[in-house]
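Predicted, not measured: the structure shown is a model, and the values here were computed from it.
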Amino acid sequence: MNICVFLSAADLDERYTRPAREFAELLGEAGHTLVWGGSDVGLMKVVADGVHEAGGRLLGVSVEFLANKARPGTDEMVIAADLAERKKLLLEKADAVVIMVGGTGTLDEATEILELKKHGRTEKPVVLLNTAGFYDGLQQQFRRMEDEGFLPRPLSELVFFAEEPAGALAYLEKQASER
């Protein structure tokens, strides 16, 4: 399975890097392919290292203005012209999406895939990995949107909230087996 991971390229504390590394190792050991932003820095590097060292494949999609930070030696690296094309390519190449901790770019990517799901433009499974409670506030906001009628589909059809890496991967593999 090609699993797209949206996440930060920042250097982060171990409370974020340890679960990200754990997820990456599980992904690689299971023989899946990481589809990610292609950067060889910060949390993106942690995840790519973990997948690679555990035997998984790496499919990066970088963008022209960040090409100098692209990871060398990937199985495949695509350089998009801009961020919009990058998001489009990441989603096209993925069978599923995992949203890890990140900043505004990660939030932009997360809301894009959820908007596509909301409108029935994709049925790819999406997991929000709520490491160290990072997305507690966002999860609360999504539930409010659902409760107050802002979502035309149940929240459970749009995204699965996982607290641990193993639960995130188990959900994706279960979804893949049911397709």
Side-chain angles (χ1 to χ4, degrees), residues 1-9 16 19-20 23-24 26-27 30 32-39 43-44 47-48 51 56-63 76 78 80-179:
M1 181 173 16
N2 286 356
I3 300 174
C4 177
V5 177
F6 293 135
L7 72 166
S8 178
Y16 299 123
F23 179 81
L26 292 169
L27 191 154
H32 299 300
T33 297
L34 171 68
V35 180
W36 94 115
S39 290
L43 196 60
M44 285 193 186
V47 170
V51 170
R57 292 185 73 250
L58 299 177
L59 194 168
V61 182
S62 190
V63 66
E76 182 179 349
V78 178
D82 56 35
L83 291 171
E85 182 185 20
R86 179 195 211 183
K87 275 192 300 189
K88 181 176 184 261
L89 290 168
L90 284 165
L91 293 175
E92 282 176 3
K93 293 179 178 297
D95 301 311
V97 174
V98 174
I99 302 157
M100 290 188 178
V101 296
T104 55
T106 303
L107 193 55
D108 173 60
E109 292 160 339
T111 55
E112 171 115 1
I113 186 67
L114 294 178
E115 191 68 8
L116 289 169
K117 281 195 78 169
K118 183 181 92 172
H119 291 290
R121 306 301 293 168
T122 186
E123 290 303 320
K124 294 176 185 183
V126 176
V127 173
L128 194 146
L129 184 53
N130 190 22
T131 301
F134 185 80
Y135 286 120
D136 285 351
L138 184 60
Q139 186 174 5
Q140 180 181 5
Q141 185 62 49
F142 284 149
R143 288 199 172 120
R144 182 174 181 182
M145 288 174 186
E146 179 180 42
D147 292 345
E148 295 187 18
F150 288 93
L151 301 179
R153 295 175 66 179
L155 184 59
S156 62
E157 291 181 12
L158 298 177
V159 62
F160 175 79
F161 296 94
E163 299 299 319
E164 294 295 328
L169 189 59
Y171 173 82
L172 294 178
E173 289 177 337
K174 181 176 185 281
Q175 294 301 304
S177 72
E178 293 176 357
R179 290 179 135 185

Treating [X] as the side-chain partner and [Y] as the backbone partner, does any N or O pair qualify as donor plus acceptor under 3.5 Å?
| X | Y | answer |
| --- | --- | --- |
| Y135 | M100 | yes |
| K93 | L59 | no |
| D95 | N2 | yes |
| R57 | L34 | no |

Would you call [X]-[Y] a salt bridge at under 4.0 Å N-O?
| X | Y | value |
| --- | --- | --- |
| K87 | E112 | yes |
| R153 | E123 | yes |
| K118 | E157 | no |

Next item on the list: Identify, with sequence neighbours excluded, every residue that meets ring pair (Phe, Tyr, Trp, His ring centres under 6.0 Å) alongside F142.
Entry: none
Next item on the list: Mark yes when over 12 heavy atoms from residues, nucleotides or ligands other than E163 sit less than 6.0 Å from its CD; otherwise mark no.
Entry: yes
Check: When you look at CD of E178, are more than 12 heavy atoms from neighbouring residues, nucleotides or ligands closer to it than 6.0 Å?
Finding: yes
Note to self: Using every non-hydrogen atom in the two residues, find where V159 and V127 come nearest and quote the distance to one decimal.
What the structure shows: CG2-C, 4.3 Å
Notebook entry, point to check: What are the two closest heavy atoms between V101 and T106, and how far apart are they?
Noted result: O-OG1, 4.4 Å
Notebook entry, point to check: Are the side chains of R143 and L155 in touch, meaning some heavy atoms are under 4.5 Å apart?
Noted result: yes
